Amino acid sequence: MTRSNAPLVWSLFGAGGVLAALVGPALVFVTGIAVPAGILMSHDLMSYQRMFGFAQSWAGKIIILAVIVLFLWHAALRIFHMLHDFGIHPGVASKLICFGLPFLCTVAAFYWVLPI
Amino acid sequence: MADTTKTIEIEVLRYRPEQDKEPFFQTYTVPFEDDWSVLQGLQYIKDDLDGTLSFRWSCRMAICGSCGMMIDGKPRLACRTFLRHYHPNKLRVGPLEHFPIERDLVVVVEDFIRKLESIKPYIIPKEPRKLEQGEYLQTPAQLEQFRQFSGCINCMLCYAACPQYGLDSKFTGPGVLALMHRYNADSRDGGRGERMALGHSEEGFWGCTAVTYCSEVCPKDVDPANAINQNKMGSAIDYFLRFVAPRGAGK
Ligand code: SF4
Ligand code: FES
């Protein structure tokens with residue numbers, strides 16, 4: 001029996017799943033509803049200056065990258081498996097799209113977020 | 001009894017390889033009482049209407065695991081499913097999905113049995129034990145590690161529910177993987193290393209895509225999806241740790 005290499009992507013998927021479950025709904029609420037509509041939170045909680053400062057700190061960078069990258073890999077593996085369930089079986093094309101795309105996006109996220 | 005006058009139509013998938021080119025549905029009208037299971041309905045057909053119908057059963061009480069079949073499209077135990085839930089509509093009964101049909105409602109189970117044997121579903125002692133050492137003692141906490149997973153009756157409903165097994169039967173499948181976990185998680189057992197070569201592979205825990213329908217249909221609340229997910233976590237940790245602290249192949 002050959003050992004599966006699935007743990008590589010699966011650990012990103014698992015971490016993304018946990019993170020999504022923990023902070024996903026709250027993030028949608030804060031960034032999508034509460035702050036823009038000014039419910040419970042003021043508009044300038046996420047003002048440009050504040051968010052810029054947040055993204056300049058190391059803690060901020062790590063949080064932003066974790067949310068982008070881990071969410072991405074979680075979605076990628078879920079889609080990959082779903083394609084399989086629908087009868088589009090793992091092949092070069094589906095792997096290239098499902099793993100190549102998030103890989104490129106991961107590189108891009110680091111490329112843009114780190115220098116802020 | 002007034003109840004006996006109630007009747008229900010049961011459509012049964014028939015296939016007798018020596019005479020039928022392909023499977024077809026045959027409808028029987030069965031008088032029944034409120035406490036009749038689908039299995040009793042089938043027995044009525046066999047005893048009183050059509051003796052040529054074949055199906056498996058034994059215990060009639062959800063213990064032996066032989067009466068698994070598709071009832072209105074869902075994998076269920078025929079002895080644990082009641083006709084009154086379908087009345088006044090008719091119901092459709094077919095052999096378990098994802099298995100070749102041997103005859104009527106009887107499926108070929110060799111693949112499942114072979115897989116079951118391959119995981120060594122018995123306790124492999126850590127070291128030879130002498131009689132003077134007495135029995136194994138286990139704390140309630142140690143028992144809880146595997147108790148739920150030891151409830152499996154090998155009914156294969158979870159195999160009929162699993163889309164992965166349906167797509168590619170190389171996948172070991174939910175029930176057998178849950179049993180692998182049951183023995184690995186037992187404090188008396190030392191066979192984990194022998195079993196996990198399969199567990200770590202694509203045919204093992206990693207073939208699962210977390211659909212979890214297996215756990216929904218399981219009549220014994222074994223929750224194979226949970227067993228598999230726990231093992232993905234364990235297998236992933238082991239995947240990375242073996243570079244840091246090698247513990248021998250397959251551990
Ligand atoms: S895990 Fe449940 S559904 Fe699967 S074979 Fe065992 S008892 Fe049946
Ligand atoms: S007859 Fe034994 S489980 Fe149904």
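Predicted model, so just to flag it, every value in this text is computed and none were measured. Reminder, nothing fancy here: chain letters follow the sequence lines and each chain counts from 1. What you see below is based on every heavy atom in this structure, not just the backbone, and it leaves out hydrogens, waters and symmetry mates.
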Given that the side chain runs from C-beta out, which part of [X] has a heavy atom under 4.5 Å from chain B: side chain, backbone, both or neither?
| X | value |
| --- | --- |
| A:L77 | neither |
| A:H84 | both |
| A:S11 | side chain |

Quick one: do A:R3 and B:R242 satisfy side chain to side chain contact (heavy atoms under 4.5 Å, CB included)? Show the steps, please.
CA-CA 12 Å; A:R3 193 176 180 123; B:R242 83 206 139 113; 3.7 Å; yes

Atom [atom1] of [X] with >12 non-hydrogen neighbours under 6.0 angstrom:
| X | atom1 | answer |
| --- | --- | --- |
| B:K170 | NZ | no |
| B:R147 | CZ | no |
| B:K74 | NZ | no |
| B:N89 | CG | yes |
| B:Y213 | OH | yes |
| A:M46 | CE | yes |

So, taking the atom named [atom1] in [X] and the one named [atom2] in [Y], what distance separates them when rounded to the nearest 0.5 Å?
| X | Y | atom1 | atom2 | answer |
| --- | --- | --- | --- | --- |
| B:T209 | A:M82 | OG1 | CE | 10.5 Å |
| B:H200 | A:T2 | NE2 | OG1 | 12.5 Å |
| A:W10 | B:Y239 | CH2 | OH | 13.5 Å |

Heavy-atom pair with the smallest gap, counting every atom of [X] and [Y]:
| X | Y | answer |
| --- | --- | --- |
| A:M1 | B:A197 | CB-O, 3.4 Å |
| A:H81 | B:C208 | NE2-O, 4.4 Å |
| B:A236 | A:P7 | CA-CB, 3.8 Å |

Segment of [X] engaging chain A (4.5 angstrom heavy-atom cut-off):
| X | answer |
| --- | --- |
| B:F205 | neither |
| B:E203 | side chain |
| B:L198 | both |

Show, in sequence, the C-alpha distance, side-chain angles and deciding distance for B:F240 and A:L8, and conclude whether the side chain to side chain contact (heavy atoms under 4.5 Å, CB included) test is met.
CA-CA 9 Å; B:F240 295 109; A:L8 287 173; 3.8 Å; yes

